[in-house]
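The first residue of the sequence shown is numbered 1, and numbering continues consecutively from there. Indexing begins at 1, ligand by ligand and atom by atom, following the structure's order.
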Amino acid sequence: MNYCVVGLQWGDEGKGKVVDVLARDCDIVVRYNGGANAGHTVVIDQTRFALHLLPSGVLREGIICVIANAVVVDPEVLISEIDGLTSKGIDVCNRLLVSENAHMVLDYHKLEDRLREQALGRHKIGTTARGIGPCYADKAGRTYAIRMSDLRDLDNLREKLAVVVEFKNKLFTAVYGAEPIGLDGLFEKCKYYASRLANLLTDTTEFLHRSIKEGKSVLFEGAQGSLLDLDHGTFPFVTSSNCSLLGMPAGSGVPGKLVDVSVGVCKAYMTRVGAGPFPTELDNEVGQYIRQKGQEYGTTTGRPRRCGWFDAVAVRYAVTINAIDQIAMMHLDTLTGQDQIEVCKAYRIGPDLIEFFPSNIDRLRLVQPIYHSLPGWREDISSACRFEQLPTNAQRYIEYIEGLLGRPIRMIGVGPSRDQLILR
Ligand code: IMP
């Protein structure tokens with residue numbers, strides 16, 4: 001079986017935990033998009049692991065982890081995650097493969113990200129400032145792109161960097177009025193990255209096809225969520241990669257038809273970090289309750305997340321474009337204690353009923369959510385192991401959303417720990 005796990009909202013759905021559970025039955029876990037803007041959190045034996053670049057599957061011993069072509073790799077973050085896990089007794093280097101064709105996020109990308117956001121003022125996107133957008137822009141532009149394979153030939157890399165630094169310094173000084181960056185310091189860092197990472201580089205596409213042919217089971221792990229997809233999300237308030245399942249074939253080199261089961265992950269409510277329209281946002285004490293109870297603060301930036309009621313129009317759109325087979329719904333326990341819970345079942349724009357999510361934000365900004373109200377529950381559900389152990393109202397909530405999405409909810413998260421997951 002090959003799986004693909006993707007987020008159905010604006011990221012932070014709890015994919016890390018779902019991947020961690022499914023990875024039990026897999027040989028290989030693959031990251032195919034994004035970079036260190038992502039943040040996966042898994043709690044094992046009360047130890048919290050926050051990963052940004054390494055696939056979440058890395059926490060399962062013996063699993064081979066692949067960082068595929070379309071990931072933008074920040075070598076500094078990668079090295080620090082490898083070292084962090086090693087210090088906790090988890091050895092990674094002998095089972096980590098990094099695509100030689102992946103592009104590298106360097107210091108000037110992060111600086112460019114920050115300078116651009118500062119210059120945008122109130123129009124800013126609210127990026128994580130991890131250099132993701134500038135790195136993907138250099139990749140698409142080609143002229144100033146640096147790939148992981150460049151770490152293999154340091155003389156050539158120095159020449160390439162000299163050209164990049166000259167161009168970026170013109171941009172930094174003339175456009176943003178910032179200080180220029182130096183070539184020597186940057187090159188010294190790259191020499192260190194080469195000493196640590198060059199032996200992990202390989203043709204990951206060849207490796208994945210060979211492994212699938214040998215009957216190995218592969219899990220593809222999408223970072224962020226479908227509503228942040230560059231082409232299908234709420235542009236321009238999106239990230240710079242295709243984080244829906246649609247990005248998996250291009251990002252990994254493995255066609256989507258080789259995926260047997262697609263699992264969509266959502267939370268029992270909506271969250272969003274950064275700017276952009278959010279039809280069911282709760283800018284009130286219920287939103288604060290969810291933020292506090294669900295610990296809704298960014299794994300990467302620590303920013304408070306915006307919270308709102310479950311939006312079945314948005315999630316159904318994500319289910320459709322990803323051809324999702326089954327759903328994992330996380331954080332059900334966060335809603336415990338609410339008397340009434342609202343679910344957005346459709347939108348209205350003026351007199352028109354809208355059932356297909358308008359990803360174009362000019363239309364999305366006009367929508368009025370239509371809610372269905374359900375009774376809440378007060379019982380503690382954090383130790384429920386079976387669906388039948390959930391309070392009746394919690395079961396009804398799940399079943400009502402299943403009806404709206406047209407897909408089964410097969411996993412239900414009832415707490416942060418690895419084992420607080422109901423499998424149906
Ligand atoms: P960037 O990917 O850092 O350029 O940020 C673009 C937008 O995507 C911002 O609104 C970020 O908050 C959001 N974003 C990026 N990565 C994540 C993530 O892993 N979870 C949630 N939001 C994210």
Mind checking side-chain hydrogen bond (donor to acceptor under 3.5 Å, both in side chains) for E206 and listing every partner two or more places apart, or none if nothing turns up?
R210
Quick one: look up the protein heavy atom nearest [atom] and list residue, atom name and how far away it is.
atom                    : answer
atom 5 (O) of ligand 1  : T127 CA, 3.4 Å
atom 11 (C) of ligand 1 : G126 O, 3.5 Å
atom 2 (O) of ligand 1  : T239 OG1, 2.5 Å
atom 20 (N) of ligand 1 : D12 OD1, 3.0 Å
atom 3 (O) of ligand 1  : T128 OG1, 2.5 Å

Closest heavy-atom pair and its distance - T204, A68
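Of all heavy-atom pairs spanning T204 and A68, the closest is OG1-CA, 3.9 Å.
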So which bit of [X] gets within less than 4.0 Å of ligand 1, heavy atoms only: side chain, backbone, both or neither?
X    : result
V238 : backbone
R303 : side chain
L228 : side chain

Rounded to the nearest 0.5 Å, how far does CZ of F207 lie from OG of S252?
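These two atoms lie 12.5 Å from each other.
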CD-CZ distance between E355 and R348, expressed to the nearest 0.5 angstrom:
10.0 Å
Test side chain to side chain contact (heavy atoms under 4.5 Å, CB included) applied to D380 - qualifying residues, sequence neighbours left out:
S382
Ligand 1 atoms in contact with G274 (distance to a heavy atom under 4.0 Å):
10 (O)
I need the atoms of ligand 1 closer than 4.0 Å to a non-hydrogen atom of W10, numbered in the order shown.
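With W10 as reference, the close atoms of ligand 1 come out as 21 (C), 22 (N).
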Contact check, [X] vs ligand 1, heavy-atom distance below 4.0 Å:
X    : result
F237 : no
Q224 : yes
A223 : no

Determine, for D184 against R158, whether the closest basic-nitrogen to carboxylate-oxygen distance falls under 4.0 angstrom.
yes
With respect to [X], determine whether any N or O atom, backbone or side chain, lies less than 3.5 Å from an N or O atom of ligand 1.
X    : value
V273 : yes
R130 : no
S240 : no

Tested for side chain to side chain contact (heavy atoms under 4.5 Å, CB included) against I341, the lone hit among Y269, W377, Y371 is W377
Can you tell me if Q326 has over 12 outside heavy atoms packed within less than 6.0 Å of its CD?
yes
Hey, what's the ring geometry for W10 with F278, parallel, tilted or perpendicular (30° and 60° as the breaks)?
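Ring orientation of W10 relative to F278: tilted.
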Is the positively charged end of R424 above the ring of F387, judged by distance under 6.0 angstrom from the centroid and angle within 45° of the axis?
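That pair qualifies as a cation-pi contact.
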